[in-house]
Amino acid sequence: MTGTFNQRVYDVVRAIPAGKVATYGQIAALAGRPRNARFVGFALHANPEPGVIPCHRVVFRDGSLAPGFAFGGPDAQRALLEAEGVRFIPPRPGADNAGDNGWRVDLSQCQWDA
DNA sequence: CAAATGACGAATC
DNA sequence: AGATTCGCCATTT
């Protein structure tokens, strides 16, 4: 425990229950820095403890995931979240695909209720 | 040792 | 209402 904001981010992400997802901004707010969603992303990218920090449960405010996901691809993340019970919204004609294949997490139902 | 970079989100003009 | 700018920390080279 280095006692840094970054370390606190890992703790918050690790606390996300299976079947739920949290947004970068939400984690940043829980960590005490509501305007630091950037560093939350960097913190997870650093991912000093792979397998311990469920980065796949952290998604954008839009419900899409980060471009360049490190678990094996956005498809892998969708499978992981879907396996945990997270509901996904399929790409719909008219909606812009963001980051992903167009698949986004239904934050309305599965956003982590801290 | 110092500088640059890095998965975003909200506030403001 | 939309577009743009700012914010802020740690890690790495």
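Each chain gets a letter, A, B and so on, in the order the sequences are listed, and its residues count up from 1.
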Quiz item: Can you tell me how far P of C/dT11 sits from CG of A/Leu44, to the nearest Å?
Solution: 13 Å
Quiz prompt | d(CG, A/Asn6; C1', B/dG6) in whole Å | solution = 11 Å
Quiz item: Between B/dG9, C/dT11, C/dC9, which nucleotide has the shortest distance from any of its atoms to the side chain of A/Tyr24?
Solution: B/dG9
Quiz item: Out of curiosity, A/Arg104 CZ to A/Leu65 CG, how far, rounded to the nearest 0.5 Å?
Solution: 12.0 Å
Self-check item: Atom pair distance, as rounded to whole Å: CD in A/Gln7 and P in C/dC9
Solution: 17 Å
Quiz item: When you match A/Asn36 and A/Ala46 each to their closest nucleotide on DNA chain C, which lands nearer the 5' end?
Solution: A/Asn36
Quiz item: What is the distance, rounded to the nearest whole Å, between atom CZ of A/Arg38 and atom C1' of B/dC8?
Solution: 7 Å
Quiz prompt | Smallest separation among heavy atoms of A/Val52 and A/Pro54, with atom names | solution = O-CD, 3.3 Å
Can you list, pair by pair, the side-chain donor-acceptor contacts under 3.5 Å of residues 24-51 of chain A, counting residues two or more places apart and other chains?
from	atom 1	to	atom 2	distance (Å)
A/Gln26	OE1	A/Gln111	NE2	3.1
A/Gln26	NE2	A/Trp112	O	2.8

Quiz item: Nearest-Å distance, CD (A/Gln111) to P (B/dG9)?
Solution: 11 Å
Practice problem: Return the set of residues passing side chain to side chain donor-acceptor pair (under 3.5 Å) with A/Arg14 (not counting sequence neighbours), or none when no residue passes. | Solution: none
Using a cut-off of under 3.5 Å, enumerate the N/O to N/O pairs linking the protein to nucleotides 10-12 of chain B.
from	atom 1	to	atom 2	distance (Å)
B/dA10	OP1	A/Arg61	NE	3.2
B/dA10	O3'	A/Arg35	NH1	2.5
B/dA11	OP1	A/Arg35	NH1	3.3

Self-check item: side chain to side chain contact (heavy atoms under 4.5 Å, CB included) partner of A/Ile53, chosen from A/Ile16, A/Val58, A/Asp11, A/Val13
Solution: A/Val13
Self-check item: Pairwise distance CD(A/Gln77) to CZ(A/Phe88) - rounded to 0.5 angstrom
Solution: 6.5 Å
Quick one: which protein N/O atoms are closer than 3.5 Å to N/O atoms of nucleotides 3-5 of chain B? Pair and distance per line, please.
none

Quiz item: Taking atom P of C/dA10 as reference, at what distance in whole Å does atom CZ of A/Phe5 sit?
Solution: 9 Å
Self-check item: Distance, rounded to the nearest Å, where A/Leu30 contributes CG and B/dG9 contributes P
Solution: 14 Å
Self-check item: From A/Thr23, A/Asp62, A/Ile89, A/Leu81, residue fulfilling side chain to side chain contact (heavy atoms under 4.5 Å, CB included) relative to A/Val105
Solution: A/Leu81
Quiz item: A/Arg8 CZ to C/dC9 P: how many Å, rounded?
Solution: 12 Å
Practice problem: Find which nucleotide of DNA chain C each of A/Tyr10 and A/Ala37 is nearest to by heavy atoms, and output the residue with the more 5' nucleotide. | Solution: A/Ala37
Quiz prompt | Partners meeting side-chain contact (heavy atoms from CB on, under 4.5 Å) with A/Ala18 (sequence neighbours left out) | solution = A/Arg57, A/Glu84
Self-check item: Near-strand residues of residues 14-21 of chain A, defined as heavy-atom separation under 4.0 angstrom from DNA chain B
Solution: none
Quiz item: For the side chain of A/Thr23, counting heavy atoms from C-beta on, which of B/dC8, B/dG9, B/dA7 is nearest?
Solution: B/dG9
Quiz item: What heavy-atom pair brings A/Cys110 and A/Arg87 nearest, and what distance separates the two atoms?
Solution: SG-N, 3.5 Å
